[in-house]
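So you know, we letter chains A, B, ... as the sequences are listed, proteins then strands, and number each from 1.
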There are 2 protein chains.
Amino acid sequence: MKIGRPKEFEEEIVLERAMEYFWDKGYDNASLAGLLKAMGIKKSSFYQTFESKQKIFERCMQRYIELGSKEITDKLTTQSAKDILRAYLNRSISEIQEYGEVRGCLVMNAGAECYKKYPDISSLVKEHFIFFHNSFIDLVKKAQKEGDISKEKSASMLASSFMTILNGLALMIKAGAGEDIIHDIQEHFEELFKA
Amino acid sequence: MKIGRPKEFEEEIVLERAMEYFWDKGYDNASLAGLLKAMGIKKSSFYQTFESKQKIFERCMQRYIELGSKEITDKLTTQSAKDILRAYLNRSISEIQEYGEVRGCLVMNAGAECYKKYPDISSLVKEHFIFFHNSFIDLVKKAQKEGDISKEKSASMLASSFMTILNGLALMIKAGAGEDIIHDIQEHFEELFKA
DNA sequence: TTATTTTTGTACCAATTGGTACAAAATATA
DNA sequence: TATATTTTGTACCAATTGGTACAAAAATAA
């Protein structure tokens, strides 16, 4: 067995708790104190295991993407690609309806927040951004192949537009958009992604 | 004449300097020290004239909207409504091309940043949000009347979509979107707002 | 049991935050 | 000139920030 005093927590579990906390609060507004409380570990354990606030945040973004990718591949066995795209849009909407809050995308939020302030995080976000974009291109292409989205528009353009709408909607809701405007956006989505 | 020692600055001027600073930095990330430096006044003058960081920020949002509205009415004498809409979209794009930075909309940024953290600012943003939306509805209706946008889609839906794209684009650029994706969004705009 | 290794708890730290207190300076009125 | 009024400059403040130091605790290996 491993020598020395054993860890009293599982790294993966407390990492995902940190991820949820960062997702709620963003980067700067996530205080170390709150983070430790959310993770259920003490400061010394935190710094020994995760090195710094920035380092664990970067790991949280990575974990966020891993979990998201896994979710898509899982859903693809039972849902159409277009339904998955629609589900992304409806996520912010049901969040606000059920919990009264919107979180948006952890990584894209970090992109906006850390822009011009934390270059390391920003460039990591930029890498992830490309991954997101490619994932959406794949989904659009699949939906086009399945006949649910017209093949007249390019998959790249539709993926870009979709990401823009997705992130724009979350921001709009945070800024105070009500049911009527949310409905407008849904209509816009159906119009853009018609067969 | 007014009794007592005279002010060494003009309130309106330093207010607009504060507005620019907040526009660059956001709310939390705008430090009092930086704000004072940008405004060119001392702490005591600041607190006597503007009361608090939050109060001056609220005044900055108000000023931002006043200046924006004035800009639109000015442009409407020489430009078509559709060109003004297009100019909004191109603003973020030329910002990134010329200065290498994107600021987005001061008020909408505040909406995202202050969401669930500063209820007073959030509810003020919500008020302004409605004003923005109505302004865009007016512009769309005008463009429809001028024959530059199809009358088949509702003005409200187009205004909502436009705001979403506008704010989504700024966020996308901050998160690392490159020229190709920006081009995709421009294409999407022209497609959505065709005659 | 003793020595070694690792984790955990607590106390501490310098820097920064927005905001206040108060005296000094600059003006108008009497 | 003396007094009232307002602005400005400086010193200060408590609270919070992310991060470090170090001893106590808990395990294995000898």
Side-chain angles (χ1 to χ4, degrees), chain A residues 1-15 17-19 21-61 110 113-114 116-122 124, chain B residues 1-15 17-19 21-61 110 113-114 116-122 124:
Chain A
M1 217 187 160
K2 225 170 76 182
I3 191 171
R5 180 171 173 176
K7 271 205 176 97
E8 293 181 4
F9 59 90
E10 270 183 61
E11 202 169 316
E12 296 287 304
I13 290 176
V14 298
L15 181 69
R17 288 189 195 144
M19 187 197 80
Y21 185 73
F22 277 125
W23 200 357
D24 279 347
K25 299 282 185 179
Y27 182 67
D28 270 336
N29 195 40
S31 74
L32 209 51
L35 201 51
L36 296 175
K37 201 175 167 188
M39 296 170 77
I41 64 173
K42 287 287 163 68
K43 200 174 259 190
S44 44
S45 309
F46 176 88
Y47 276 100
Q48 180 169 327
T49 311
F50 301 104
E51 216 176 311
S52 71
K53 188 185 172 184
Q54 186 176 315
K55 279 277 163 58
I56 197 180
F57 184 67
E58 292 173 0
R59 279 192 63 182
C60 284
M61 288 200 290
E113 188 188 348
C114 300
K116 291 279 165 189
K117 196 182 177 191
Y118 303 107
D120 290 351
I121 296 176
S122 281
L124 198 56
Chain B
M1 215 186 164
K2 225 170 78 183
I3 192 172
R5 179 172 175 176
K7 268 205 177 99
E8 294 181 5
F9 59 90
E10 270 184 62
E11 202 169 315
E12 295 288 305
I13 290 175
V14 297
L15 181 68
R17 287 191 196 142
M19 188 197 81
Y21 185 72
F22 276 125
W23 199 356
D24 279 346
K25 299 282 186 177
Y27 182 67
D28 270 337
N29 196 39
S31 74
L32 209 50
L35 201 50
L36 297 175
K37 200 175 168 188
M39 297 170 78
I41 64 174
K42 287 289 162 68
K43 200 174 260 192
S44 43
S45 309
F46 176 88
Y47 277 100
Q48 180 168 327
T49 311
F50 300 104
E51 219 178 307
S52 72
K53 187 184 172 185
Q54 187 175 313
K55 280 274 162 59
I56 197 181
F57 183 68
E58 291 173 0
R59 280 192 64 181
C60 285
M61 287 200 290
E113 188 188 348
C114 300
K116 293 279 165 188
K117 195 182 177 192
Y118 303 108
D120 290 353
I121 297 176
S122 281
L124 199 56

Can you establish whether the number of heavy atoms outside K37(A) located under 6.0 Å from its atom NZ is more than 12?
-> no
How close or far is atom P of dT16(C) from atom CG of D28(B), stated in whole angstroms?
-> 17 Å
Side chain to side chain contact (heavy atoms under 4.5 Å, CB included) evaluation trace for E58(B) with E51(B) = CA-CA 11 Å; E58(B) 291 173 0; E51(B) 219 178 307; over 6 Å; no
What nucleic acid atoms does S31(A) come within less than 4.0 Å of, heavy atoms only: base, sugar-phosphate, or nothing?
-> sugar-phosphate
Among dG19(D), dA26(D), dT10(C), the one nearest any side-chain atom of S52(A) is dG19(D)
Rounded to whole Å, the CG-P distance (L36(B) to dT16(C)) equals 16 Å
Yes or no on salt bridge (charged side-chain N to carboxylate O under 4.0 Å, His left out) for R5(A) and E8(A), after CA distance, side-chain angles and deciding distance?
-> CA-CA 9 Å; R5(A) 180 171 173 176; E8(A) 293 181 4; 3.1 Å; yes
Starting at the 5' end of DNA chain C and moving along, which residue's nearest nucleotide shows up first, Y27(B) or E8(B)?
-> Y27(B)
Separation of atom CG in L35(B) from atom P in dT17(C), rounded to whole Å | 12 Å
Atom NZ of K117(A): over 12 foreign heavy atoms under 6.0 Å = yes
In whole angstrom, give the distance that lies between atom CD of Q54(B) and atom P of dT17(C).
-> 18 Å
Which value, rounded to the nearest 0.5 Å, describes the distance between F46(B) atom CZ and S52(B) atom OG?
-> 7.0 Å
Distance in angstrom units between R5(B) CZ and dA25(C) P, rounded | 9 Å
Do the side-chain N or O atoms of S44(A) get closer than 4.0 angstrom to the phosphate oxygens (OP1, OP2) of dG9(C)?
-> no
Consider the side chain of F9(A), meaning its heavy atoms from C-beta on, and name the nucleotide among dG18(C), dT8(C), dT8(D) that approaches it most closely.
-> dT8(C)
Spell out yes or no: do the side chain of K43(B) and the base of dG9(D) have one donor N/O and one acceptor N/O closer than 3.5 Å?
-> no
Proximity to the side chain of S45(A) - top-ranked nucleotide from dA26(C), dT8(C), dG19(D) = dT8(C)
Select base, sugar-phosphate, or nothing to describe what F46(A) touches, counting heavy atoms under 4.0 Å on all strands.
-> nothing
Interatomic distance where CG belongs to L32(A) and P belongs to dA14(C) [whole Å] = 19 Å
K117(A) NZ to dT17(D) P, straight-line distance once rounded to whole Å = 13 Å
Verify the contact: side-chain N or O of K53(A) to OP1 or OP2 of dG18(D), cut-off strictly under 4.0 Å; return yes or no.
-> yes
Residue P6(B), side-chain atoms from C-beta onward, closest of dT8(C), dG18(D), dT27(C) | dT27(C)
K42(A) NZ - dA24(D) P separation (whole Å) | 17 Å
Among dT5(D), dT8(C), dT8(D), which nucleotide sits nearest the side chain of I3(B)?
-> dT5(D)
